[in-house]
Amino acid sequence: MLSPLLERRISTFKDLQQIHAQLITTGLIHHPPHLTKLLSHTLSNSLSYACTLFKHTHPQHYNTILYNTIIRGLVDHNSPEHAILSYVEMLLQELLPDRFTYPSLLKACAQLLALNVGKALHGQAVRFGLDCDLYIETTLITMYAACGDVNSAREVFDRMGDQKTRNLVVWTSMISGYVKNQSPREALALVSEMERQGQVPDEVTMVSALSACGDLKDLSCGKKLHLHIERSKMKVCVVLGTAIVDMYAKCGDLKSARQVFDAMHERNVVAWSAMISGYARNNRSGEAIKTFDKMVRESDQKPNEVTIMAVLSACAQSGNSTLGSWVDSYIHKARLSRTINLQNTLMDMYAKCGRIDNARQIFNYMPEKDIVSWNTMIAGLALHGLGEQALALFSQMQSQGVRPDDITFIGVLSACSHAGLVEEGRRLYADMTAKHGIEPKLEHYGCMVDILSRAGLLPEAEEFIEAMPMEPNGAAWGALLSGCRVHNNVEIAERAAKHLMRIEPNNDGIYVLLSNIFAGRKQWEEVKKVRILMHERGIRKTPGCSSVIVDGIFHEFIVGDHSHPESEDVYDYVIQRLRLAGYVADTSEVVLNIDEEEKGDSVSQHSEKMAVCFGLMKTKPGDELLIMKNLRMCGDCHSAFKYISKVFARVIVVRDRSRFHRFVDGSCSCRDYW
DNA sequence: TTCCCAGAAG
């Protein structure tokens with residue numbers, strides 16, 4: 001019989017202290033079951049108090065059950081190291097572990113990703129004859145899978161089969177193990193297998209199965225599972241609901257994801273984060289930001305690091321530095337810890353929002369940097385055409401003993417390409433394999449083709465593609481085709497376009513580029529052929545779309561957009577001023593009209609021109625303008641922007657599809673090399 | 001005592 005003292009409801013720390021004192025005065029504290037019960041009550045309230053209580057227990061009262069209790073408590077309170085240490089202490093006291101000891105210990109190993117400790121514990125469990133315990137076997141599977149050794153997990157699972165002891169939880173552990181180890185196909189195969197063997201998956205199994213469908217982007221499989229969940233009337237708790245939302249989002253079906261999200265009875269921070277990052281991942285930054293706004297305003301859930309990273313990536317995508325800075329200050333206010341990941345994401349956001357100086361500041365002040373920090377900063381500088389700075393950082397990184405990886409080289413090579421550093425690019429490319437032992441991937445080949453093509457070394461670029469050891473992708477041929485546009489090479493362009501049309505038949509950009517190349521040479525018949533081909537294949541040109549931020553608010557302009565009539569008057573005025581300064585419209589890039597209705601496709605109505613005029617009109621003289629464009633800037637707009645920066649004495653920053661242009665006093669940071 | 005949801009650089 002336990003003391004009635006311990007049957008009382010304990011709800012405060014004070015209750016615990018009182019009971020502890022009473023157990024001492026009554027001497028019941030020396031009775032191990034009382035002590036154990038008190039310890040487990042204490043653990044659910046305060047870990048440190050429980051540890052104190054444990055330490056002050058007289059050694060003669062220590063027993064296996066007491067140790068099991070403290071070990072389990074430590075694991076539940078995320079102190080796996082202390083749990084393992086307590087176990088060692090237990091062995092030193094010559095107390096033997098039992099079948100309740102190992103599940104907690106194995107869980108601790110899973111948390112620590114300590115495969116070797118886990119293996120040692122497995123060995124001990126075998127020696128103690130405990131390895132055939134269902135709970136221990138289940139946690140062995142979980143531990144091995146968490147530590148990345150899915151084969152050992154499977155061995156444990158398979159051995160259990162011989163004894164016909166696999167229950168639902170065991171199946172689920174193995175399925176989730178596959179999902180955690182990027183083996184979604186094996187996970188789904190095991191779900192089918194368990195059903196064949198007469199086990200019925202439950203809510204927990206479904207969570208892992210949905211996650212596997214998301215990883216595979218297998219919408220039809222995911223839908224089947226969702227239907228099964230509805231038909232079998234499973235209870236859709238937050239976790240299962242979030243798993244469904246996440247599955248739809250990963251499969252790109254944001255509409256279904258949102259429907260499920262809206263129908264959830266309860267939404268925690270994970271559910272919100274899944275919805276927000278789902279939008280962000282699918283390039284729906286506007287909706288990601290709206291959802292974040294709703295979370296902050298309408299829910300009682302506080303954004304955490306994951307939420308913040310998702311919303312920052314949405315800010316980066318849309319160039320929304322206003323919200324980005326707000327989030328930056330939110331991190332301060334909410335006292336979120338500035339982890340390396342979080343700072344890397346902030347840095348990326350600032351770089352992609354045109355605020356490279358802010359990015360650099362974060363980078364410089366980071367107390368600790370990882371490879372991602374260096375890569376992000378190098379890529380950011382590359383994006384801004386600051387090739388020399390990017391290469392300087394690359395040297396600095398190596399002198400600090402940080403080994404570059406394959407992504408670092410994508411950054412430095414793209415820095416060379418944006419800054420026209422051909423020889424440096426060649427040298428880096430050669431060093432990558434020779435000195436750093438990194439085999440070039442598709443992305444690196446793409447960068448090299450880009451470097452050579454932009455520099456006008458088109459035959460060499462073409463040979464480079466032909467010599468690739470793998471099938472070249474669209475990016476490689478696309479870089480060559482863009483180079484052909486800049487350097488007016490029809491022959492190579494036609495070959496590149498042919499390959500591109502095979503690889504990316506629905507990419508409208510190919511047709512537009514090719515047509516521009518023909519137009520540049522006044523080969524109107526060929527332009528017409530491209531137009532017809534495009535029409536036949538049902539491909540429509542993506543409309544140019546630009547936005548300008550005025551007082552923190554986004555204003556969007558689509559090519560030929562007349563929704564801001566006042567900016568048209570300003571437009572005429574601006575062009576007049578530019579003409580006086582010597583600007584002549586360059587119409588060589590006649591963009592093909594798919595049908596005659598699309599009259600908006602003349603250079604004069606390009607979205608970036610309309611956006612800049614709106615910006616000039618709505619901001620104070622001298623204010624810097626930031627313009628974001630979904631496509632690449634055309635030559636005429638580039639030239640017009642140079643004039644505008646001089647005539648109106650404005651700094652204009654443009655983020656186009658591939659990089660930043662900074663126009664100051666009649667010239668551009670890209671030095672007309674883009 | 002065992003199983004489950006969100007996550008960065010290209």
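Residue numbers begin at 1 in each chain, while the letters A, B, ... track the order of the sequences.
Taking every side-chain heavy atom of A:Asn167 into account, B:dT2 is the closest of B:dG7, B:dA9, B:dT2. The side chain of A:Ala243 lies closest to B:dC5, out of B:dA9, B:dC3, B:dC5. Comparing atom distances between the A:Ala379 side chain and each of B:dG10, B:dA6, B:dC3 picks out B:dG10 as nearest. Out of B:dC5, B:dA9, B:dG7, the shortest distance to the side chain of A:Asn375 is found at B:dA9. Nearest to the side-chain atoms of A:Val270 among the listed nucleotides B:dA9, B:dG7, B:dC5 stands B:dC5. Out of B:dC3, B:dC5, B:dA9, the shortest distance to the side chain of A:Lys107 is found at B:dC3. Taking the side chain of A:Thr376 as heavy atoms from C-beta on, and the options B:dC5, B:dA9, B:dT2, the nearest nucleotide is B:dA9. Each of B:dC3, B:dA8, B:dG7 was ranked by its minimum atom distance to the side chain of A:Asn344; first place goes to B:dA8.
Side-chain nitrogen and oxygen atoms of A:Lys441 include none within less than 4.0 Å of the OP1 or OP2 phosphate oxygen of B:dG10. Within the structure, a side-chain polar atom (N or O) of A:Lys250 is placed less than 4.0 Å from OP1 or OP2 of B:dG7. Residue A:Ser313 places no side-chain N or O under 4.0 Å from the OP1 or OP2 atom of B:dA8.
Note: A:His384 and A:Phe660 have parallel aromatic rings, judged against thresholds of 30 and 60 degrees for the angle between ring planes. Between A:His436 and A:Phe394, the ring planes lie tilted relative to each other; the angle falls in the 30° to 60° range.
When every heavy atom of A:Ala187 is checked against every heavy atom of A:Val179, the shortest pair comes out as CB-CG2, 3.7 Å.
Among the heavy atoms of the strands, none lies under 4.0 Å from A:Arg267. Using a 4.0 Å heavy-atom cutoff across all strands shown, A:Thr172 reaches at least one base atom of the nucleic acid. Among the heavy atoms of the strands lying under 4.0 Å from A:Glu305 is at least one base atom, whether or not backbone atoms are also near. Residue contacts for A:Asn341: at a heavy-atom cut-off of 4.0 Å it reaches a base atom on one of the strands shown. At a threshold of 4.0 angstrom between heavy atoms, the contacts of A:Lys180 are confined to the sugar-phosphate backbone, with no base atom among them. Within the nucleic acid shown, A:Lys352 comes within 4.0 Å of sugar-phosphate atoms alone, with no base atom in reach, counting heavy atoms only. Nucleic acid contact class of A:Arg99 (heavy atoms, under 4.0 Å, all strands): base. Residue-level contact check: A:Asn304 touches the bases, meaning some heavy atom is under 4.0 Å from a base atom.
Residue A:Tyr102 contributes atom OH, which lies 14 Å from atom C1' of B:dT1 at whole-angstrom precision. A straight line from CG of A:Leu342 to C1' of B:dA9 spans 15 Å, rounded to a whole angstrom. If you measure from atom CH2 of A:Trp374 to atom P of B:dG10, you get 17 Å, rounded to the nearest angstrom. Counting to the nearest Å, the C1' atom of B:dA8 and the CG atom of A:Asp370 are 9 Å from each other. The CG atom of A:Leu312 sits 15 Å away from the P atom of B:dG7 (whole-angstrom rounding). The CG-C1' distance, from A:Asp246 to B:dA6, rounds to 6 Å in whole Å. What separates CG of A:Asn68 from P of B:dT1 is a distance of 10 Å, to the nearest Å. Separating the CG atom of A:Leu134 from the P atom of B:dT2 is a distance of 12 Å, rounded to the nearest angstrom.
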Given A:Ser285 and A:Tyr279, is the side-chain contact (heavy atoms from CB on, under 4.5 Å) satisfied, shown in steps? CA-CA 6 Å; A:Ser285 55; A:Tyr279 281 128; over 6 Å; no
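Side chain A:Ser173 to base B:dC3: no donor-acceptor pair is found below 3.5 Å. Within 3.5 Å, no donor on the side chain of A:Thr345 pairs with an acceptor on the base of B:dA8, nor the reverse.
If you run side chain to side chain contact (heavy atoms under 4.5 Å, CB included) between A:Leu413 and each of A:Leu428, A:Asp450, A:Thr408, only A:Leu428 comes through.
A salt bridge is absent between A:Arg99 and A:Asp131: the closest approach of a Lys/Arg side-chain nitrogen to an acidic carboxylate oxygen does not fall below 4.0 angstrom.
A:Trp171 places a side-chain heavy atom less than 4.5 Å from the side chain of A:Glu193.
Judged by ring centres under 5.5 Å apart and planes tilted less than 30 degrees, A:Tyr135 fails to stack against the six-membered base ring of B:dT2.
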